[in-house]
Amino acid sequence: MEMSRSSDLAIHTRGLRKVFSGKVAVRNLTLDVPRGEVFGLLGPNGAGKSTSVKMLLGLVFPTSGEAQILGCPVGDVKTRRKVGFLPEHFRFYDWLSPTELLNVHGRLYGMSYARLHERVPVLLDLVGLTPHCDKRLRDFSKGMLQRIGLAQALLNEPDLIFLDEPTSGLDPIGRRLVRDIIKAQRDRGATVILNSHLLGEVEITCNRVAFIKDGEVVETRQLNDDLVEEQSRLSIRAGNVTAEIASGLSQWSRSVRTEGEHLMLSVSSGTMVPEVVRYLVAHGVDVYEVTLQRLSLEERFLEIVGTDGGL
Amino acid sequence: MAGVTFREAARKKMLWMALAAGGAFLILFGTGLHFQAKDFAVHGMSPVLRREISFTMVTMGLYAVDLLAVLMTILTSIDTLSGEIASGTIQAIATKPVPRWQVLLGKWLGFCGMLTAYIAVMVCGVNALTYAMAGVTARHLARGLSLMWMESVVLLSVTFAFATYFSTLTTGVLTLGLHGLAFLGGWIEQFGAITQTQRAVNVGVIASVLMPSEALWRRAAFEMQSPLANALRISPFSTLSVPSKAMIFYAALYLAIALVIAMRRFSQRDL
């Protein structure tokens, strides 16, 4: 990734930092997201996800560090033509109808009336608001506002879309809609940055995730199925395990724990399972059960964030 | 942006309410004027005196219009920036391919258009009424109207500048406070002129430097009043110490600087 040309990247940041009156919101954000990826930012509340997104969008000015989106420095006005954004709590003039709202935003994107005339009904239909297109936004529910916000983020067929907690306030049907929209955008070749604390949602939609804690990327992780084993847990129920034998397992795993009659190993691949079993048997251990378990995103999340996180 | 601001005022009924209040004001003014004009006939007043009283009525009406315009300007515009920043509404706008200074300028133009219409309707309304009932209009109507308009635009720009730094409430308090200072300074200057206390006049001038809004009104009043009232210095409407033309240029510069500060600050702040 480091070798990629920055123009091939939808997002490229180095040491991005933001301090709000003495309080560090984002410590050191270094991130590369190639074009065409659906990328999730995961982290507890207050980890700096929203501030990071706002810095990438030019809403918040970084204290230090550099950032580019779509190969141009952050804040470049022209680049914004190719960017869509759904803010965390989408709010807009509540005296507008959804059609008018989309028209206002379209005009701000510099779209012609003819183009808008074509595009607005399509988007209203996409987010299921066609029956409500004459209502005022003030009569909208939170979920409906979220839907119109989503339509607004897609108006200009952007190359890069930031969705900050897109499913907040949505019912299961709405959430499904968001998933389908993200998928359609990915198929179109757009890059989607998804900010969410709903792990299941991220797991389903994203190619890759970054775990963010205290304003820093702790880990990025591929979510493709081929790489399932990368972060797996080997659980072995066994008898006659001495401390010496257990410590001998460190050649296969950096983390070995004994819980009652269970041996727990973090492994990066399932290929060493037969070797581990042979080793144990050779040392006179009674092996009753061997399970290779993929660490779910949630477990990894909790492991990284810790139980005191998410405040 | 300007168009949206206009539509907002119309949809929020703000525009209509302002027009309704303006209409009510004109009706009240017209009624007062009507009875006054009737009394002229009854008392058989001298034409000179009648003319002077009518002129004073015009100035009085315009003074009230000025006060209304000042309040309308501040009250309608204080929330537009700081409110949208606080609610996050601005985020969906500021991420569009429009430079932030243009967003601000668009809003400013929208308000500017509205208050221009408001002031024009009200000032022309007052003059039409006095012309119909007493046969007089303000002396230099166009000049006076321009100065009153400028006063509101100064306040609008200052409101915008403060709104890029502070919350809605603080913005309102600061702008009104500053105008209050200028208002008080204006009266101190008048009294200083009557009693020929130069230092009191200086206090007024300093207040006008801090906020030239009130000075513009006093210059407007000077331009619109009858020459006799100005010469005799008998009018209660602030023409004893007339703000100079330099003060008008200063006010124009002040307005431009406030607007530039607003655009710069809005372009550089976190949203």
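Reminder, nothing fancy here: chain letters follow the sequence lines and each chain counts from 1.
With rounding to the nearest 0.5 Å, the separation of CG in A:D94 from OG1 in B:T89 is 8.5 Å. Note that the CD atom of B:E84 and the OH atom of A:Y93 stand 3.5 Å from one another [nearest 0.5 Å].
Interface remark: A:K82 contributes no atoms to any contact with chain B (heavy atom separation under 4.5 Å). Heavy atoms closer than 4.5 Å to chain B are found in both the backbone and the side chain of A:Y109. For a residue to count as touching a neighbouring chain, one of its non-hydrogen atoms must lie under 4.5 Å from one of that chain's; by this rule A:V104 touches chain B with the side chain only. Interface residue A:R136: only side-chain heavy atoms are found under 4.5 Å from chain B. Looking at A:L96, both its backbone and its side chain come within 4.5 Å of chain B, counting heavy atoms on both sides. If you measure heavy-atom distances from A:F90 to chain B, the contacts under 4.5 Å come from the side chain alone.
Although no hydrogens or angles enter the test, the distance criterion places no donor-acceptor pair under 3.5 Å between the side chain of A:R91 and the main chain of B:I90.
Within residues 58-66 of chain A, the residues having any heavy atom under 4.5 Å from a heavy atom of chain B are, by residue number, A:G58, A:L59, A:V60, A:F61.
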Original post:
Would B:I93 and A:F92 count as a side-chain contact (heavy atoms from CB on, under 4.5 Å) if you check the C-alpha gap in whole Å, the side-chain angles of each, and the deciding distance to 0.1 Å?
Top reply: CA-CA 9 Å; B:I93 300 172; A:F92 211 68; 3.6 Å; yes

Subject >> Audit row: A:K54, B:D270, salt bridge (charged side-chain N to carboxylate O under 4.0 Å, His left out) steps and yes/no >> reply: CA-CA 9 Å; A:K54 283 186 187 170; B:D270 291 336; over 6 Å; no

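Heavy atoms of other residues, nucleotides or ligands lying less than 6.0 angstrom from CH2 of B:W101 number 12 at most.
No other option in B:Q102, B:K96, B:R100, B:R269 has as many heavy-atom pairs under 4.5 Å with chain A as B:K96.
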